[in-house]
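Counting starts at 1 for both ligands and their atoms, following the listed order.
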Amino acid sequence: MERLQKVLAHAGVASRRKCEELILAGRVSVDGEPVTELGAKVDPSRQRIAVDGVPIELEEPVVLVLNKPVAYLSTVSDPLGRRTVMELLPPVRERLYPVGRLDYDTSGLLLFTNDGTLTQRLLHPSVEIEKVYRVSVRGVVDRETRRALTEGVELEDGVTAPAKVEVLRQADGEDGVAVVHLAIHEGRNRQVRRMFEKLGLPVQRLKRIAFGPVTLGHLKTGEWRPLTKEEWVALYQAAGLTPPPYRRPVVRRDPDAGDTRRSQSAKRGPRRR
Ligand code: URA
């Protein structure tokens, strides 16, 4: 069950705030009954939701992968006007948002979807999706460090779950740089940086190279691609969900239809089935 205004916004009716206004104005009905309460929860797959009597069209799910460059925020918008990952996406019809976050100074694999259930599952701690990072650190990753990483590092928000670590290149001294692959399934704030910092190894570069069954492969920095069909099935399965029919995002051909998602959909109103 999801909040009515969220379902309306996801269906592309208008922004969340405008949808709230539509609800308060009595223009939204669920199974034929007007609903004017903002807290109302609905099941969009079972209930008939309409605006001004016109049934809303629910978006089919899509998922894409971006190779995020550093110096981009992983948010949909930024009140301070900084660059966000949304600027790197193609102008697609679906209302995509990032699955979790990468730090401003982290690069690599970031998934985007319009499927709220998939996002919730992928980010839920109990699902334990493995994320792999390529980490460059200053200092030697010795046996003690590897043991700490694989057993758990005590951070201020608790001990981390056991990680998998593989040293790709060892540092040639305290001031040298070592490169490791670190696989974790938690998603705490700045977790990888904090784990290494705690062990006295400041992180120089951090890049996510895998998220569950999806890997970055040869995707160039700043570029995106849809999931392959195999990745799609594996990702939904890893999230404990039955994969819906495979779809790629629908890229708009009209360049003016670019990143004007909210205002466009607000003007368009509910789409007809
Ligand atoms: N861990 C971090 O420290 N930063 C990220 O962006 C992701 C994981």
Side-chain angles (χ1 to χ4, degrees), residues 63-78 80 82-89 96-113 118-139 141 145-146 148-168 171 177-217 219-224 235 238-239:
V63 186
L64 62 81
V65 197
L66 174 77
N67 185 348
K68 174 195 175 295
V70 297
Y72 278 83
L73 287 175
S74 304
T75 50
V76 172
S77 63
D78 179 45
L80 301 178
R82 288 168 294 180
R83 292 191 296 192
T84 78
V85 286
M86 304 312 287
E87 295 169 32
L88 300 166
L89 297 189
L96 297 175
Y97 48 87
V99 177
R101 291 188 179 190
L102 289 176
D103 298 334
Y104 185 73
D105 40 3
T106 300
S107 62
L109 196 159
L110 190 57
L111 293 174
F112 288 79
T113 185
L118 177 66
T119 301
Q120 268 176 19
R121 298 287 304 162
L122 290 174
L123 298 180
H124 198 279
S126 68
V127 180
E128 299 194 354
I129 300 283
E130 187 174 85
K131 277 85 64 174
V132 184
Y133 296 86
R134 183 184 165 93
V135 198
S136 305
V137 296
R138 182 166 299 278
V141 181
T145 304
R146 294 198 297 273
L149 291 168
T150 50
E151 287 183 2
V153 180
E154 193 165 343
L155 301 178
E156 61 269 31
D157 49 358
V159 179
T160 59
K164 290 183 210 150
V165 57
E166 184 192 353
V167 179
L168 304 181
V177 172
V179 181
V180 304
H181 277 176
L182 188 80
I184 58 171
H185 60 70
E186 295 172 296
R188 304 192 210 170
N189 193 25
R190 295 181 78 82
Q191 179 168 344
V192 176
R193 291 174 197 278
R194 289 191 293 132
M195 286 168 80
F196 280 100
E197 256 150 48
K198 182 70 196 272
L199 301 171
L201 300 170
V203 170
Q204 310 283 293
R205 288 176 74 185
L206 183 56
K207 179 174 195 164
R208 184 156 69 193
I209 57 171
F211 190 111
V214 184
T215 56
L216 208 47
L219 191 63
K220 295 205 183 95
T221 305
E223 295 197 343
W224 68 276
L235 187 68

| More than 12 non-hydrogen atoms from neighbouring residues, nucleotides or ligands closer than 6.0 Å to CZ on R188, yes or no? | yes

| field | Over 12 non-hydrogen atoms of neighbours within 6.0 angstrom of CZ in R134 | value | no

| Any idea which atoms of ligand 1 are less than 4.0 Å away from a heavy-atom of Y133? | 7 (C), 8 (C)

| message | Which residue and atom name correspond to the protein heavy atom nearest atom 6 (O) of ligand 1, and how close is it? | response | D103 N, 2.8 Å

| ligand 1 N/O within reach of R193 N/O, cut-off under 3.5 Å | yes

| query | Where is the nearest protein heavy atom to atom 1 (N) of ligand 1: which residue, which atom, and how far? | reply | V192 N, 3.2 Å

| More than 12 heavy atoms from other groups under 6.0 Å of CD on E130 | yes

| Is the shortest heavy-atom distance from the side chain of F211 to the side chain of V65 under 4.5 Å? | no

| Under a 4.0 Å N-O cut-off, is there an ion pair linking R208 with D103? | no

| query | Which ligand 1 atoms does T106 reach within 4.0 Å, using its non-hydrogen atoms? | reply | 4 (N), 5 (C), 6 (O)

| Between R194 and ligand 1, is there a nitrogen or oxygen pair with a distance under 3.5 Å? | no

| said: Applying a heavy-atom cut-off of 4.0 Å, say which part of V203 lies close to ligand 1: side chain, backbone, both or neither. | reply: neither

| query | Does the side chain of T160 come under 3.5 Å of the side chain of R194 through a donor N or O and an acceptor N or O? | reply | no

